[in-house]
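As C-alpha cells, the structure follows; a few thoughts come after it.
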Amino acid sequence: MTASVNFLSQLNPSQRIAVEHFCGPLLVVAGAGSGKTRALTYRIAHLITHYQVDPESILAVTFTNKAAREMKDRLERLFAQEMALKQQGQPFNSLPEYDQKRLLSQVYKKTTKKLWIGTFHSLCARILRYDVNKYQDEKKRQWERNFSIFDESDVQSLVKNIVLKQFNLDDKKFNPRTVRYAISNAKNLGLSPEAYLKENSYAKGRVIAEVYNEYQTQLAANNALDFDDLILVPVRLFQQNESILGYWHSQFKHILVDEYQDTNRIQYELIQLLTTNAEPRKSEWNWENRSIFVVGDADQSIYSFRMADFTILLNFQSDFGDGLPDEDTRTMVKLEENYRSTETILQAANQLIENNSQRIDKILRPTRGEGEEIYCYKAEDERIEADFVMGKIQEMVETNPELNWGDFALLYRVNAQSRPFEDNFIRNNIPYNIVGGFKFYDRQEIKDSIAYLRLIVNPFDTVSLLRVINSPRRGIGKTSIDSLLKASQELEIPLWEIVRDETSVKTLAGRAAKSVNKFASMIKELQGKLKELSGTEIFDQIMELSGYVDDLKTKGTEEADNRLENIYELYSAIAQYQEENEDTSLQGYLTNASLASDLDNLDEGQEKVSLMTLHSAKGLEFPIVFLVGLEQGTFPHVRSLNDPLSLEEERRLCYVGITRAQEQLFISHARERYVWGSKEMKMVSQFIQEIPEELINSNLRPTARKVHRKKTVSSSANDKWSVGDRVIHHSFGEGEITHILGSGKKTNLAIQFAGLGRKIVDPRTNSITKIE
DNA sequence: TCCTCCACTGTTTTT
DNA sequence: CAGTGGAGGA
C-alpha cells in the first residue's frame with residue numbers, strides 16, 4: 001500500500017525497525033527527543049494500513065491523557081493526509097478548511113474512534129464498566145457497573161475517619177496520610193489486606209492491614225473504587241476468571257505501552273496477563289497476529305514514589321524477548337539519535353546522568369549544531385531569581401521576532417516554587433499559564449456539583465450523599481445526619497436506603513425530616529430520568545432543583561459570582577465531552593472527569609509562558625527552558641539528600657528537565673530563599689557541578705568559558721571517536737580504533753597499535769589525536 | 001444550626 | 001506561610 005511507503009521514508013534505520021515491527025515482543029529504548037512518539041504513532045498507522053490490523057484490536061497505553069489525545073490527533077492527521085492524496089489528489093494542507101474537517105471526521109469514524117488509546121486508568125475504567133459486576137474479592141465484596149471513582153481527597157478523609165474515629169488510633173503513630181500511602185503501595189504491589197498482613201505481620205503492619213480491610217469494606221459499601229483499584233480489580237478479575245481474561249486477551253491483539261519505565265508491578269501484571277493469556281510458559285505463547293511493543297527510557301524514570309519500577313523495563317528482554325545480548329537481539333532496538341536539542345544541551349544531559357550507577361548503557365547522539373552555551377544565574381533570593389527569568393524572557397522576546405511567549409517554559413521541583421514567578425509575571429504583564437497545582441476539580445463548588453451527579457448515578461455513594469445533603473443549607477444539621485448514619489451502620493445498609501424511606505426519616509430526623517424527604521425525592525426524581533436525559537440536562541436540573549445556583553445568586557458576593565462562573569464552566573465541560581465522545585451518559589463524563597488532570601489543560605496553541613513542575617514537563621519540549629531553584633535541598637529535594645537511590649531519581653528528574661530544551665537552557669539558583677516563612681541559606685545544587693564547567697556561562701564568571709571550551713568539550717565527547725578511526729598516540733605512535741567502551745565520561749578506546757598490540761586508552765588525557 | 005475565629009500542623013513529585 | 005479542624009459564640 002502506498003500509505004506505508006510514504007511515512008517509512010521519513011525514519012532513521014532504528015525507528016524503521018520499530019515502526020515495521022509486526023508480531024512478537026519488541027522493546028524500544030528511546031532516549032529523550034529521539035522520536036518515540038513518532039515511532040509509536042507510525043507503527044499504529046503501519047499496523048492498520050500495511051498489515052490490515054483492525055483498529056479495535058489495538059491497545060495503546062500512554063502515561064497521561066494528554067499524550068493519548070496527542071497520539072489520536074497525530075494518527076488522524078496521518079490518515080487524513082493519505083486520504084487527501086488518494087481521494088483528491090492533493091496534499092491535505094492545501095485543501096480548504098471544510099474539506100480538512102470532513103476528512104478528519106471520516107478518519108475518526110472509520111479508525112481512530114475504534115482504537116483503545118488512553119492511560120492505564122482510563123482504559124481499565126472502561127473495561128470495568130463492562131465487567132466489574134463479575135468480580136468478587138476475597139471477602140466477597142462486590143461492585144456494580146455504576147461505581148464511583150473516589151478521588152484522593154475522598155480517600156484521604158475515608159482513611160482518616162477510620163484511623164481516628166473508628167479505630168481510635170494514635171495519630172502520632174498512625175498518621176492517616178502514612179497509612180493511606182501504605183495502602184496505596186500495597187495495592188500497587190497487588191497485595192490484598194490478607195496478603196499485606198502476611199508480609200507485614202509486625203504490630204504496626206497488623207493494624208494497617210485492618211485499616212486497609214475496613215477501607216475496602218467501605219469502598220464496597222459506597223460502590224466505589226479508588227485510583228489504584230482501577231488497575232488492581234481488572235488484574236484480580238483476570239486471575240480469577242479465565243474466560244473474561246480470554247475475552248480481553250483476544251480483543252487486544254497488539255499492545256503498545258509508552259513510558260514503560262514508569263510502569264509499576266500491578267500495571268506490569270495487567271500487561272503480562274493480556275499479552276500471554278496467563279499461559280505460564282514462554283514456549284507456549286502464541287505470537288501469531290499478536291505483539292507487545294513497549295517504549296521507554298530508564299533514565300527518565302521519575303515516578304518511583306508511585307511505585308513505578310524501572311527494573312520492569314530492564315527485564316523486558318528476559319520477560320518477553322529473546323534475552324540475547326544487545327548486539328544479537330531482535331527484540332530490542334535503541335533510538336539514540338536526538339532530534340530535539342543542541343549538542344551543548346545533550347552533552348550536559350549525558351554527563352549529568354553518567355553520575356548514576358543504576359542505568360543501562362545509552363547515550364543521546366546529537367544531530368544538530370552546538371548551539372548556545374548554558375547560562376547559569378546565581379541570585380540573591382527567589383525574588384531576584386524571578387526578576388532574572390522575567391528580564392531574560394522579555395529581552396529575548398523583544399530582540400528576537402521569531403520568539404513568542406509560548407516558546408518559554410519555567411520548570412521547578414515543587415509547585416510551591418511557582419509563587420514568586422507568578423507575582424512577578426503579573427506585575428510585568430507577562431502572559432503565563434500554570435500547569436498543575438490547584439485543580440479545577442478541586443474547587444468546592446465543582447466538587448459539590450460532581451457529588452450531586454455521582455449520587456444520582458450511584459445512590460450508594462455515601463461520601464457524595466453526605467457532601468450534598470446539606471449543601472446548600474437546607475436545615476439538615478449534624479444531629480439529624482448522625483442519627484441517620486447511625487441507623488444505616490447498625491442495619492448495615494447504605495445511608496441512601498434510610499434517607500429514601502419517608503417513615504424511617506420521620507422517626508430519625510425529627511425537625512429536619514421534612515427537608516430530608518424533600519431532598520430524597522429530588523434525587524429520586526432525577527435518578528428516574530437518568531436514562532432519558534443527557535448529562536447536561538441532568539446537570540441543569542439538579543443545579544436548579546437543589547437550589548445550589550439560587551443560593552449563590554442571592555449571595556451576590558464576588559466569591560459567589562466566581563463560583564457561579566465555575567459551575568457554568570463545568571456545564572460547558574460536560575457539553576463538550578458529550579459532543580467529542582458521542583456519549584451523552586452522565587457516567588461517561590464522570591469517569592472522564594475523575595481521571596482528568598490539570599496537565600490536560602495545557603494548550604500549546606496559547607502564546608503564554610508555561611510554568612510547571614519537572615514531573616509535569618515529561619514528554620514536552622520547549623525552545624527555551626528555565627530550570628530554577630537548583631539548590632541542595634530544593635533540587636535535589638531535601639528528602640532525597642540522604643538516600644542514594646532517591647538522589648539518583650532526582651538526577652533523572654534533572655535529566656528530564658535539561659532534555660526538554662531545544663535551543664537554549666537557563667539554570668538558576670538562589671543564595672537564600674524563604675521556606676515555611678523563614679529565610680534559609682542554600683548551597684548550589686550538586687547537579688550544577690555535575691555539568692561540565694565548559695558548557696556553562698554564568699553571571700559569576702562571564703567570560704570563563706571560551707578559553708577551555710573547544711578542547712575539553714571535544715575530548716570528552718564520546719561521539720567524536722568511531723571505530724576505524726586512525727589516531728596518533730604521543731608515545732605509541734599510529735594506531736586504529738577497534739572498540740569504543742562505555743560512554744560519556746567513562747568512554748575508553750581500544751586501539752590497535754602496529755607492533756604493540758591493542759591498548760585501552762582514555763581519550764580525555766589528550767594523549768591521542770585523530771588523523772583526518 | 002450556622003458561622004467565625006484561632007491555633008495548630010505539615011509541607012515532593014501525580015494517574 | 002498556608003490550609004484545616006475544632007471550639008465557642010450568635
Side-chain angles (χ1 to χ4, degrees), chain A residues 61-68 118-125 149-153 155-157 160-161 164-165 171-172 175-178 181 184 187-188 225-232 258-259 262-264 266-267 301-308 411-417 419-420 435-439 441-442 444 470-482 510-512 515 591-600 612-619 629 633-641 643 646 649-650 652-654 656-657 673-680:
Chain A
V61 190
T62 60
F63 198 69
T64 60
N65 295 305
K66 183 175 176 297
T119 61
F120 272 108
H121 298 267
S122 64
L123 293 165
C124 285
I149 299 171
F150 277 2
D151 68 25
E152 197 47 40
S153 69
V155 163
Q156 289 275 2
S157 49
K160 198 167 175 181
N161 188 54
L164 268 28
K165 301 274 161 62
D171 65 346
K172 295 270 175 325
N175 180 298
R177 290 172 48 111
T178 319
Y181 191 60
S184 177
K187 288 189 175 186
N188 283 318
L225 297 172
D226 67 19
F227 273 17
D228 304 318
D229 287 329
L230 293 177
I231 323 284
L232 181 62
D258 192 13
E259 309 281 12
D262 286 320
T263 307
N264 65 35
I266 196 75
Q267 291 164 341
S301 160
I302 54 174
Y303 282 97
S304 71
F305 67 93
R306 233 168 64 191
M307 298 305 273
L411 310 181
Y412 35 77
R413 177 66 240 267
V414 301
N415 281 306
Q417 280 171 265
R419 201 51 183 277
V435 178
F438 48 86
K439 288 195 195 92
Y441 288 102
D442 282 346
Q444 188 191 315
N470 197 33
S471 170
R473 313 261 106 104
R474 37 175 86 84
I476 307 173
K478 198 171 179 306
T479 25
S480 323
I481 293 175
D482 275 350
R511 252 183 311 157
S515 295
T591 304
N592 184 270
S594 31
L595 300 174
S597 81
D598 207 58
L599 186 60
D600 305 333
M612 69 187 91
T613 63
L614 286 149
H615 284 88
S616 305
K618 192 167 77 160
T634 310
F635 186 30
H637 192 266
V638 229
R639 293 193 47 173
S640 66
L641 289 178
D643 173 12
S646 348
E649 175 140 322
E650 296 284 307
R652 291 194 291 269
L653 197 52
C654 189
V656 167
R673 148 184 321 270
Y674 271 93
V675 184
W676 305 338
S678 59
K679 255 184 202 171
E680 272 184 26

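Residue numbering restarts at 1 for every chain, and letters A, B, ... go by the order of the sequence lines.
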CZ (Phe63(A)) and CZ (Phe120(A)) are apart, to the nearest 0.5 Å, by 9.5 Å

Using atom CG of Asp262(A) as one end and atom C1' of dT13(B) as the other, report the distance to the nearest whole Å. 11 Å

Could you tell me how far apart Phe150(A) (CZ) and dT14(B) (C1') are, to the nearest whole angstrom? 20 Å

How is Phe120(A) classified with respect to the nucleic acid when contacts are heavy atoms under 4.0 Å: base, sugar-phosphate, or nothing? nothing

On a heavy-atom basis, the closest approach of Thr119(A) and Val61(A) is C-CG1, 4.1 Å

Note, His615(A) side chain near Ile302(A) side chain (heavy atom, < 4.5 Å): yes

Taking dT12(B), dA2(C), dT15(B) as options, the one with an atom nearest any side-chain atom of Arg306(A) is dT15(B)

Under-4.0 Å side-chain N/O to phosphate OP1/OP2 contact, Ser616(A) with dT14(B): yes

Whole angstroms only, please: what is the CZ-C1' distance between Phe63(A) and dT15(B)? 7 Å

Using the P atom as the point on both nucleotides, what is the distance between dT4(C) and dT13(B), in whole Å? 15 Å

Heavy-atom pair with the smallest gap, counting every atom of Arg652(A) and Ser301(A): NE-O, 2.7 Å

Looking only at dT15(B), dA2(C), dT12(B), the nucleotide nearest the Val414(A) side chain is dT12(B)

Using a 4.0 Å heavy-atom cut-off, does Arg652(A) contact any base of the nucleic acid, only the sugar-phosphate backbone, or nothing at all? nothing

Is Thr613(A) close enough to dT14(B) that one of its side-chain N or O atoms is under 4.0 Å from OP1 or OP2 there? yes

As an exercise, state the distance from CG of Asp262(A) to OG of Ser304(A), rounded to the nearest 0.5 Å. 9.0 Å

Which nucleotide sits closest to the side chain of His121(A): dT12(B), dT15(B), dT14(B)? dT15(B)

With the side chain counted from C-beta on, respond yes when Gln267(A) and His121(A) share a heavy-atom pair under 4.5 Å apart, and no when they do not. yes

Glu649(A) atom CD is separated from dT14(B) atom P, nearest whole Å, by 13 Å

Atom CG of Leu614(A) to atom P of dT13(B): distance rounded to whole Å? 11 Å

So Asn415(A), base contact, sugar-phosphate only, or nothing? Heavy-atom distance under 4.0 Å. sugar-phosphate

What is the separation between atom CE on Met307(A) and atom P on dT15(B), rounded to the nearest whole Å? 18 Å

What is the distance, rounded to the nearest whole Å, between atom CD of Gln417(A) and atom C1' of dA2(C)? 16 Å

Distance, rounded to the nearest Å, where Gln156(A) contributes CD and dT4(C) contributes C1': 13 Å

Check: Leu595(A) and Leu230(A) side chains under 4.5 Å, non-hydrogen atoms: yes

Could you check whether Tyr674(A) gets within reach of a base, just the sugar-phosphate, or nothing at all, counting any heavy atom under 4.0 Å? nothing

Sub-4.5 Å side-chain heavy-atom contact between Arg419(A) and Tyr674(A): no

Where along nucleotides 1-11 of chain B does protein come under 4.0 Å, by heavy atom, of base (B) or sugar-phosphate alone (S), with - for untouched nucleotides? SSS-------B

Taking OP1 and OP2 of dT13(B), is either one under 4.0 Å from a side-chain nitrogen or oxygen of Lys618(A)? no

